[in-house]
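First comes the structure, then the notes that go with it.
Numbers for residues simply follow the sequence, beginning at 1. These figures come from a predicted structure and were not determined experimentally.
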Amino acid sequence: QVQLIESGGGLVQAGGSLRLSCAGSGRTFSIYAMGWFRRAPGKERELVAAISYNGGSTYYADSVKGRFTISRDNTKNTLYLQMNSLKPEDTAVYYCAADKLPGRSSRAVLTATTTYEYWGQGTQVTVSS
């Protein structure tokens, strides 16, 4: 079955950086769009960034634009989220997620929560002020 395993979370001071990784297995990783979501305490889950199956299209939430970069290495079946200039409000559990259908890249698909069928277990990111 499909498995997504996140890593790279931790505690960092405001202004610092972290890189999250998400290793995929169980199906052909390279043909599915992927996304990073987060859930902060007491808040709804939100889409942070998404990337098309081939990396040609990306989407970022306004709150992270210019600070976070989503990328993928299909030769390693791995999704990344480089997070720079971290703020205390970035504190959350971060989840990677995979599209249920192959070969999709439109913004409408990348930004729809219903696109994503497979989820990782999450990794905690804590940013101290």
Side-chain angles (χ1 to χ4, degrees):
Q1 73 269 23
V2 176
Q3 278 196 314
L4 301 171
I5 300 176
E6 301 99 336
S7 61
L11 173 64
V12 64
Q13 287 190 327
S17 298
L18 283 174
R19 188 175 82 154
L20 305 184
S21 299
C22 171
S25 63
R27 65 177 186 176
T28 305
F29 179 87
S30 62
I31 62 174
Y32 294 92
M34 302 286 295
W36 284 101
F37 290 76
R38 68 185 179 188
R39 188 192 297 273
K43 293 189 176 181
E44 297 283 319
R45 182 180 62 192
E46 65 169 333
L47 175 64
V48 174
I51 189 167
S52 60
Y53 72 100
N54 61 359
S57 299
T58 55
Y59 162 84
Y60 296 93
D62 287 343
S63 58
V64 307
K65 207 171 288 184
R67 301 188 297 122
F68 290 12
T69 303
I70 189 171
S71 62
R72 63 192 299 161
D73 186 340
N74 286 340
T75 67
K76 297 181 179 179
N77 291 351
T78 303
L79 176 74
Y80 301 100
L81 185 68
Q82 178 66 44
M83 305 187 295
N84 298 328
S85 302
L86 282 161
K87 304 175 181 180
E89 51 264 43
D90 294 319
T91 295
V93 178
Y94 284 72
Y95 301 88
C96 68
D99 193 350
K100 56 191 172 189
L101 296 176
R104 303 203 289 180
S105 59
S106 72
R107 179 183 174 90
V109 166
L110 295 182
T111 58
T113 303
T114 54
T115 290
Y116 303 95
E117 186 167 78
Y118 302 99
W119 297 82
Q121 83 289 350
T123 186
Q124 176 71 47
V125 171
T126 302
V127 184
S128 63
S129 56

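With a 6.0 Å radius and a threshold of 12 heavy atoms from other residues, nucleotides or ligands, K65 has its NZ atom above the threshold.
Separating the OG atom in S7 from the CZ atom in R19 is a distance of 9.0 Å, to the nearest 0.5 Å. Atom CD of E89 is separated from atom OG of S129 by 10.0 Å, given to the nearest 0.5 angstrom. One finds the OG1 atom of T91 at 7.0 Å from the CD atom of Q124 (value rounded to the nearest 0.5 Å). In this structure, Q1 CD and R27 CZ are separated by 12.0 Å, a value rounded to the nearest 0.5 Å. We find the CD1-OG distance between I5 and S21 to be 12.0 Å, quoted to the nearest 0.5 Å. Here the CH2 atom belonging to W36 is positioned 7.5 Å from the OG1 atom belonging to T123, to the nearest 0.5 angstrom.
The hydrophobic cluster containing L4 also contains L20, counting ILVMFWY residues as joined when their side-chain heavy atoms lie under 4.5 angstrom apart, directly or transitively. Side-chain heavy atoms closer than 4.5 Å link hydrophobic residues (I, L, V, M, F, W, Y) into clusters, and following such links, even through other members, never connects F68 to Y59. No path of Ile, Leu, Val, Met, Phe, Trp and Tyr side chains, each step under 4.5 Å between heavy atoms, connects V109 with Y118, placing them in separate hydrophobic clusters. Hydrophobic clustering, with ILVMFWY side chains joined whenever heavy atoms are under 4.5 angstrom apart, keeps F37 apart from V48. Under a hydrophobic clustering in which Ile, Leu, Val, Met, Phe, Trp and Tyr are joined whenever their side-chain heavy atoms come within less than 4.5 Å, directly or via other members, Y53 and L47 fall into different clusters.
Using a 4.5 Å cut-off on side-chain heavy atoms (C-beta onward), R107 and L110 make no contact. Between D73 and Y80 the shortest side-chain heavy-atom distance falls below 4.5 Å. A 4.5 Å side-chain heavy-atom check between M83 and V125 finds at least one atom pair inside the cut-off.
Geometric assessment of R72 against the ring of F29 yields a positive cation-pi assignment under the 6.0 Å and 45° thresholds. With Y95 as the aromatic partner, R45 does not meet the cation-pi criteria of under 6.0 angstrom to the ring centre and within 45 degrees of the ring axis.
Looking at R104, its side chain never comes within 3.5 Å of a backbone N or O of K100 through a donor-acceptor pair. Here the side chain of Y60 pairs a donor or acceptor atom with the backbone of I70 at under 3.5 angstrom. Listed for the S52 side chain is no donor-acceptor partner under 3.5 Å among the backbone atoms of S105.
Looking at every heavy atom in both residues, M34 comes nearest to A98 through SD-CB, 3.5 Å. Here the shortest heavy-atom pairing between Y32 and P102 reads CE2-N, 3.5 Å.
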Trace of the side chain to side chain contact (heavy atoms under 4.5 Å, CB included) decision for R38 with L81: CA-CA 12 Å; R38 68 185 179 188; L81 185 68; over 6 Å; no
What do the steps show when you test Y94 against E6 for side chain to side chain contact (heavy atoms under 4.5 Å, CB included), and what is the final call? CA-CA 8 Å; Y94 284 72; E6 301 99 336; over 6 Å; no
